[in-house]
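Encoded as structure tokens, the structure appears first; notes follow it.
In what follows, residues are counted from 1 in the order of the sequence shown.
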Amino acid sequence: MKISHFYRWIVFIILTILALYFTVLGGYLVSLAGSPFYLFTGVMLLIIAACFLSRKKSTLLLFNFLFLITIVWSIWESGFDFWALAPRLDIIFILGLLLIPFTLNNNVYTCRTNKIGLFTLLATTLIIILGSSLTDPHAINGQFTQQQPTNSISPIGVNDNDWPAYGRTQAGIRYSPLTQINSDNVDKLVEKWTFHTGDEKRANDAVEITNEVTPIKIEDNLFLCTPHQYLISLDPATGKEKWRFDSKLQYNKSFQHMTCRGVAYYNQNNSAEFAKSLDVRQPSISDECPEKVFLPVNDGRLIAVNAQTGNACRDFGQNGEINLLASMPYAYLGGYNPTSPPIVTGNTIIIGGSVTDNLSTQEPSGVIRGYDVNSGKLIWVFDTGAEDPNAMPGKETQFVHNSPNAWAPLAYDAQTDVVYIPTGVGTPDIWGGDRHPLKERYANSVLALKGSTGELLWHFQTTHHDLWDMDVPSQPSLVDIKTDKNETIPAIYIVTKTGNVFVLDRRDGTPIVPVTEKPVPTSVKYGPQTQGEHYSPTQPFSALNLAPKNKLQGSDMWGGTMADQLLCRIAFHQLNYEGIYTPPSENGTLVFPGNLGIFEWGGISVNQDRQVAVMNFITLPFISKLYLKDPQDSQAIDAGHGEQGLQPMTGTPYSVDIHPFLSPLGLPCKQPPWGLVAGVDLTKNELVWQQRFGTIRDSLPNLVELPPLKIGVPGLGGAISTAGNVMFVAASQDNYIRAFNVTNGKMLWEARLPAGGQATPMTYSIGGKQYVVIMAGGHGSFGTKMGDNLVAYGLPDNL
């Protein structure tokens, strides 16, 4: 076989470029105390390129030696993990293919032994790669031994066929007792109907416009809200629109969020019995709207709408709405932004809201408020930054600015009239040198308040002096758990961005699963120490924690190829990182768990009958970099970028840039998985099964998905489960909804969605047929396809 001079020069140039690249950058990595292997590779490739140019017979021998060492090194660093092995072996494998033409005749480069060696190494690499794709070292393949009771029922007052609240019940368990769709037949699900809301992304929308809604279903009505806060009622059997209410949302591009996660429902007929049973205040009476739906509006309003007619309830507040900006400091449009559904008790509607992160020290309050459920009169307040949190505002007094807010859904125990409130950090999030101790007292906590009065019963803090945006991000789950002594304890499960799952006795907040205060970093290795800042020397850690157990190492860095993996390793060693809670810095700090957290607003799904929980979570690092600025700088950075990018933190010495830790190719620098689904035994508080979740089909253009090779991608949205032994979840960056076997985590079904499914699904039954419904409308800053599709699935009519 004659080899052209052109091809010979092409191979030489490739060898030389790679040799110089790995030698120079590999040497720099060694100077940062990183792995010497890349420098070794570069030097070997330089020698091989020189031998190749001189047509020495040692060329292939040297290459085979490098090839063999690369295989050994790859397995030593990553084991037999396909996604970790592939980028370590891809370049050397391709170089081996390029050298094949030089082995097809007796030219000066080769001898018989070296030819056999090259083909053996190529075949070995293929076997290793293909073999590693059949197993997953990150999977946990256990199964629950608890069987599903045959008499699984809903709580008192909740119809089995309905989904009447955001988490199905206000206890936040996201579990349905329906069994028509089950683990034996879920693979037969088909699309039953799709409803188009007509609410599409507009030119003046903020970057973070999202479709995160979980609809609610009560009898023959399905209610949902849209990003521009239309409230819509549908026929749950057909998906046909009954009525639509336009909130006339005022908004602009500066909004940090345009989101409506859900609405709340109230039926006056049940309220008198509630108040009598708990010996609390009787609610007022509404003749106009005995049955109403409450809609949170992002411009700072709460609207009550007649559930049957779709008209505003004029006897609620002022012509059907409450101005949540009343008595607020710095009450600018979009500054206080209710994004999650309120809690509705028999006499009170309780609501929190989001405050713009990292914008300035002059932001609205994060106050939580309780209003009369029919009249809209303000009954109580809990201002998390005030000396007396329950002090009502007066004519000349306002709430405390920048106090910690409660943007995630709340939870409620109707039997004890206690509302459980997850809080965040007082903004700005990433610098807290001048935070008043009162603004730290209830930050990053769960508060237990009396639902009718706002009286504090107890609180538990999950992060001290938060500088990493480690809000309590999701609705707590209220579960009665059984001990090994056959005792039943009323518990609350609090999932956090740090991965800690705090399990407390919801009567007094004492830990059920042990919580330990552990030392954390209080300084940075590279760059100056942050001006004016202080740090908590310890942080609380739960014995139940789904974050990776070991801190990241250079060997955890990833890339699409060995070349960009090297750049990720260099970046990793340049950043400040001593594990979780490494302080933000001017040099740049690796934040892991990242700002999206291990858990986000999706929460967990709990089957109390079986004492099991299922969930999806994220493992994606971020970078936080502080920029010292002129104290006279004005607020010049647009707030409408969402929660990533350069953010001003006006009023502090710094601005901050927050973004995912990505390679130059836009891939995460931490090797996958970045998204997982899991099942936890609540009796033992142990992880029973775990699987990768999602593919990169919709992350890169024209990428053909290989079904067995689930990489595990980030997801926003939560999971639900049913008595049919099925877990349903969408959420991931690929546009799918999936069903998993609750017992063992095996994937049973998946369906392609018309847009991103960054929402939590729900399920209900009507006319003897069970449906599973998901909002497929995408997420602006998460980068998934936008749309306006509410999709319902069910079994074929002939089943």
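- The CD1 atom of I92 sits 7.5 Å away from atom CE of M562, with the distance rounded to the nearest 0.5 Å.
- For S183, the side-chain contact (heavy atoms from CB on, under 4.5 Å) criterion is met by N725, V726, N741, L748, not counting sequence neighbours.
- For the pair L60 and L99, the tightest heavy-atom approach, listed with the atom from each and the gap, is CD1-CD1, 4.1 Å.
- Across all non-hydrogen atoms, the minimal contact from A719 to M727 is CB-CE, 3.5 Å.
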Inset, instruction - Evaluate the criterion side chain to side chain donor-acceptor pair (under 3.5 Å) for residue pair N211 and H779; output intermediate values, then yes/no. - result: CA-CA 6 Å; N211 283 275; H779 191 290; over 6 Å; no

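- The backbone N or O of K518 sits nowhere less than 3.5 Å from a side-chain atom of T516 that would complete a donor-acceptor pair.
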Inset, instruction - Dump the intermediate steps for side chain to side chain contact (heavy atoms under 4.5 Å, CB included) on I598 and T619, then the final yes or no. - result: CA-CA 6 Å; I598 299 295; T619 60; 4.1 Å; yes

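- Between N576 and P583, the closest side-chain pair of non-hydrogen atoms is not below 4.5 Å.
- When ring centroids are compared, F52 and F63 stay outside the 6.0 Å threshold.
- The minimum heavy-atom distance linking A759 with I774 is given by the pair O-CD1, 3.6 Å.
- The side chain to side chain contact (heavy atoms under 4.5 Å, CB included) test with Q671 is passed by exactly one of Q565, R88, M557, E77: R88.
- The two residues L620 and F592 make their nearest non-hydrogen contact at N-CE1, 3.9 Å.
- In summary, the aromatic rings of F12 and W9 are positioned with their centroids under 6.0 Å apart.
- In this structure the side chain of L467 reaches within 4.5 angstrom of the side chain of Y535, judged on heavy atoms.
- A salt bridge is absent between K629 and E586: the closest approach of a Lys/Arg side-chain nitrogen to an acidic carboxylate oxygen does not fall below 4.0 angstrom.
- Applying the side-chain hydrogen bond (donor to acceptor under 3.5 Å, both in side chains) rule to Q553 yields no partners; only residues at least two apart in sequence or on another chain are considered.
- Within the 4.5 Å cutoff, the side chain of L121 has no heavy atoms near those of the F93 side chain.
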Inset, instruction - Start with the C-alpha gap between S78 and W83, add the side-chain angles, then the distance that decides, and say whether side chain to side chain contact (heavy atoms under 4.5 Å, CB included) holds. - result: CA-CA 9 Å; S78 60; W83 291 106; over 6 Å; no

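- No cation-pi contact links R738 to W749, judged by a cut-off of 6.0 Å to the six-membered ring centre and 45° from its axis.
- Taking 4.5 Å as the limit, some side-chain heavy atom of N358 sits within range of a side-chain heavy atom of I658.
- Counting only distance, with no hydrogens or angles, the side chain of D466 and the backbone of T463 share no donor-acceptor pair below 3.5 Å.
- Side chain of T589 to main chain of L575: no donor-acceptor pair is present (N/O by atom type, distance under 3.5 Å, no hydrogens or angles).
- No donor-acceptor pair closer than 3.5 Å links the side chain of Q758 to the backbone N or O of G777.
- Although no hydrogens or angles enter the test, the distance criterion places a donor-acceptor pair under 3.5 Å between the side chain of N587 and the main chain of Q574.
- Remark: R569 fails to qualify as a cation-pi partner of Y38 under the 6.0 Å distance and 45° angle criteria applied to the six-membered ring.
- Taking the centre of each ring, W674 and W558 come in below the 6.0 Å mark.
- Although no hydrogens or angles enter the test, the distance criterion places a donor-acceptor pair under 3.5 Å between the side chain of Y577 and the main chain of L552.
- Considering all non-hydrogen atoms of both residues, E600 and N595 come closest at OE2-O, 4.2 Å.
- Side chains of Y736 and R697 form a contact here, defined as non-hydrogen atoms less than 4.5 Å apart.
- Counting heavy atoms of neighbouring residues, nucleotides and ligands inside a 6.0 Å radius, atom NZ of K785 does not exceed 12 of them.
- Note on D698 versus R752: salt bridge recorded, some NZ/NE/NH1/NH2 to OD/OE distance being below 4.0 Å.
- With a 4.5 Å cut-off on side-chain heavy atoms, F80 and I128 count as touching.
- For the residue pair K497 and P593, the shortest heavy atom distance occurs at O-CB, 3.4 Å.
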Inset, instruction - Go through the steps to decide whether F599 and I604 satisfy the test side chain to side chain contact (heavy atoms under 4.5 Å, CB included), and finish with yes or no. - result: CA-CA 9 Å; F599 291 101; I604 62 176; 4.2 Å; yes

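- Counting heavy atoms from C-beta outward, F693 and F740 have side chains that approach closer than 4.5 Å.
- Residue K551 qualifies as enclosed at atom NZ: its count of foreign heavy atoms under 6.0 Å is above 12.
- The main-chain N or O of N114 is found under 3.5 Å from a side-chain atom of N64 such that the two form a donor-acceptor pair.
- For D136 and R692, the salt-bridge test passes: some basic side-chain N is under 4.0 Å from an acidic carboxylate O.
- Side-chain N or O atoms of T561 include none that pairs as donor or acceptor with a backbone N or O of P87 at under 3.5 Å.
- L628 has its side chain within reach of Q531: a pair of non-hydrogen atoms, C-beta onward, lies under 4.5 Å apart.
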